[in-house]
Amino acid sequence: MKEKLRTILHTAWHEPRHFFLWLALLSICGFAITAVGINLPGPNLLVGAVAIASMLCFLGSILAFILAWIPPVRRFLSWLLRWRFLALSCLVTLIALFYAIENWRGHRAWQDFKHDREAKGEQFDMANLIPPPVPGDENFFESPLWSDLHFAETNGTVVWNDKKWEERVIFSRFPPKSHDVPSESNWMKSQHVDLAAWQAFYRGSNNLVSTENPADYFPVGKEPQSPAADVLLALSRFKDNRQILLATSTRTHARFWNNYGAGVAMQLVHLPRIKSCSQYLSLHATAALKAKDTQTALEDTKIQFRLIDSIRNEPILISYLVRSGVLQIALQPVWEGLADRQWTEADLNAIQSELGKLDFLADYHFAIRSERACNLWVIDYIHKSGIYGFNGLFPSDSKRSQNGDEGGDNVGEAMFRLIPAGWFDQNKLSLCRGYETYVLPAVDRERHLVPPGFLAQSQAAISRQTPRPFDVISRLFLPAVIGSVARCARTQTSVDLARVACALERYRLANGQFPETLDALAPKFIEALPHDIINGQPLKYHRTQDGQFVLYSVGWNQTDDGGKVELYKEGQPDMKLGDWVWRY
C-alpha cells in the first residue's frame with residue numbers, strides 16, 4: 001500500500017500529465033477559497049490576488065496538460081520539472097527585473113521632462129494653481145447670495161452649513177412648476193427676446209407656486225401692462241437679491257471656497273447659480289431696455305461681466321466653459337440695445353471697456369494647463385488608491401462597493417496592482433506631451449489665431465496613435481479636452497464682434513450712418529481692429545440697403561458664406577457650418 005502511494009506521488013511530481021492535472025485541481029480549490037472570500041464584508045486585496053493566481057494557474061495547467069500528450073513536448077516538460085525550482089527562481093528574477101527596469105525608466109523619463117518644463121515656467125502641481133484666499137469684505141462671493149453654499153469636508157465627507165441649499169432660489173426666470181416656457185432668444189441668429197411671450201407666460205397658468213398652492217409665484221398686475229412692464233414686475237420678485245448682487249459686484253476680488261484638494265470630486269455648486277443669475281439678468285436687462293430704462297439695463301449688463309470675471313482665476317476647465325456660456329447670455333441685451341439703437345455713447349463706451357478686458361485666448365491657456373494638472377492629479381490618485389479610489393472620485397457610486405459586487409472590485413484591484421509604477425509616470429509623460437503637441441498650440445494667443453486646420457490635424461493624430469499602456473490616460477482625456485478649442489474660438493469671436501459693433505454704433509451716433517469700411521473706426525472709436533481669429537484676415541463687413549450692416553467671421557468651416565448662419569434642425573446655430581455673424 002505504501003509502495004503504491006509512493007508511486008502515485010512520484011508520478012504526480014515528475015510525470016507532466018499527472019503533475020499539471022493535479023495543479024489544475026489545486027487551482028479549482030483556489031477558486032473555492034475565492035468564492036468564500038468574496039462574501040466577506042469590505043474590500044479584500046488578498047481575495048483578488050488568490051483569484052488571479054488560481055485563474056492563471058488553472059489556464060496554464062490545462063494548456064500544459066494538453067500539450068504533454070505530445071511526446072517531444074512531454075520530454076521537455078519532464079526535463080523542466082527536474083529543474084522546477086531553478087526555473088521558478090529564474091522566472092521570479094525576470095519578473096522582478098522587469099518591474100525594476102520599468103519603474104526606473106518611467107520615473108526617470110517623467111522627472112527629466114518635468115524638471116525641464118518647470119525650468120521654463122510650466123506648472124504641473126494643482127496646488128500651485130489654486131488662487132490665494134482673499135479678505136472676506138473684498139470677496140464677491142461673501143454675501144447672503146452665496147453663504148448657504150459654505151461647507152466643510154472631512155475625510156471625503158461634505159457637510160453643508162445649510163442642508164437645504166439645493167432648495168434655495170436666488171434668481172430664476174421660471175416658477176417651480178412650469179411648462180410651455182418661452183423659446184430661448186439668440187443674438188447669433190438675429191433673434192429678439194419675445195417679451196410678449198414672457199408676459200403671457202407670467203400671466204398664465206404657469207405662474208403658480210404649485211398645484212396644491214395656487215398662489216402666484218411671480219407678482220402680476222391686475223390688468224395687463226406693456227410686455228416689458230409686466231416682465232419687469234414679475235422679475236421684481238428677486239429685486240432685493242439683485243440689489244445685493246449690484247452692491248457686491250464692485251468688490252475687488254472674487255474667490256469661491258472650492259475644495260481643490262478633492263480633485264475632480266470638488267464641489268462646484270456655484271457654477272449653476274452663476275448661470276441662473278446671468279439668465280435672469282439678461283432677461284431683466286432686455287425688458288428694461290424696452291421700458292426705456294437704459295441705466296438699469298447697463299447695470300444688469302455690467303453685473304453679468306462681473307460674473308464672468310468672478311471665476312476667471314479658477315483652475316478648472318469647466319469654469320472656463322461656464323464663463324463662455326455666460327458671455328453669450330450677457331451679449332443678448334447688448335445686441336438688443338444695439339439693434340434698437342438705445343445705447344448712448346457713454347453706455348457703449350462702458351460696454352466696450354468691459355468687453356476689452358476679456359481675453360478668452362489667454363484664459364484658454366490657463367484653463368488647459370489647469371486641466372492638465374487635474375489630469376495628473378487623477379493619475380496620482382488612481383495609482384495611490386487603485387480601483388477602490390474611484391469611490392472617492394465618484395461618491396454616488398460608493399454604495400455599490402459597500403453593498404456588494406465586491407468580487408469584481410477585488411479581482412480588478414489585484415490586477416491593477418500588477419501594473420508597474422513606472423507606467424503611471426509614463427502615462428503622465430504621454431499626457432503632457434499630448435497637451436504640449438496638440439492642445440496648447442491649437443490656440444495662438446500671440447497672433448490672436450485659432451486655425452481649425454491645426455485642430456483637425458491634432459484630432460487625426462490622436463486617433464491614429466497605436467494603443468500602448470503608456471497612452472491609456474492621454475487617449476482617454478485628450479479627445480474631450482481638445483474639443484474646447486472650437487468653443488474658445490467662437491467665444492473670442494463673439495467678444496470681437498461685439499466690440500466692433502459697439503464701435504460701429506458710436507460712429508453712427510457721431511456721423512449719422514455706419515462707415516463704408518471698418519478702417520474708419522480706429523483709433524477714435526476702437527483702439528485697434530481685431531482680425532478674424534480663424535484666418536488672420538480682416539473681419540467681413542458691409543453696409544446693407546436698409547441702413548444697417550452685416551459683420552461676420554468666416555467661421556469654423558473657413559469659408560465665406562456671405563454672412564449666412566447655418567442652423568441645426570431644432571433651430572440652434574451650427575457652430576461648425578456657416579459664418580459667425582453679428583447683424584440686426
Exercise. Output yes when E527 and R499 qualify as a salt bridge under the 4.0 Å nitrogen-oxygen rule, no when they do not.
Key: no
Self-check item: Test item: side-chain donor near acceptor, D561 and T559, under 3.5 Å
Solution: no
Self-check item: side chain to side chain donor-acceptor pair (under 3.5 Å) contacts touching residues 224-240 (sequence neighbours left out)
Solution: Q199-D230, Q225-D230
Quiz item: Can you tell me if D579 uses its side chain to pair, donor with acceptor, with the backbone of G562 under 3.5 Å?
Solution: yes
Quiz item: By side chain to side chain donor-acceptor pair (under 3.5 Å), which residues pair with N313, not counting sequence neighbours?
Solution: none
Quiz item: So, do Y584 and F549 have ring centers that fall under 6.0 Å from each other?
Solution: yes
Quiz item: Mind checking whether W146 and F141 have ring centres under 6.0 Å apart?
Solution: yes
Self-check item: Under 3.5 Å side-chain donor-acceptor pair for D347 and T344
Solution: yes
Quiz prompt | Straight-line distance of E371 CD to M126 CE, nearest 0.5 Å | solution = 8.5 Å
Self-check item: All pairs passing ring pair (Phe, Tyr, Trp, His ring centres under 6.0 Å) where residues 476-507 contributes a residue, at least two apart
Solution: Y507-F525
Quiz item: When you check the side-chain N and O atoms of R490 and S494, is any donor under 3.5 Å from an acceptor?
Solution: yes
Quiz prompt | Side-chain donor-acceptor contact under 3.5 Å, R487 with S324 | solution = yes
Quiz item: Aromatic rings F218 and F238: how do their planes relate, parallel, tilted or perpendicular, breaks at 30° and 60°?
Solution: perpendicular
Quiz item: Do any N or O atoms from the side chain of D532 and from the backbone of V554 form a donor-acceptor pair under 3.5 angstrom?
Solution: yes
Quiz item: Under 4.0 Å between a Lys/Arg side-chain N and an Asp/Glu carboxylate O for R251 and E142?
Solution: no
Exercise. Could you please spell out the steps behind the ring pair (Phe, Tyr, Trp, His ring centres under 6.0 Å) verdict for W257 and H150?
Key: CA-CA 7 Å; W257 35 93; H150 272 288; 3.7 Å; yes
Quiz item: Taking the inter-plane angle between the rings of Y552 and H542 on a 0 to 90° scale, is it parallel (under 30°), tilted (30 to 60°) or perpendicular (over 60°)?
Solution: perpendicular
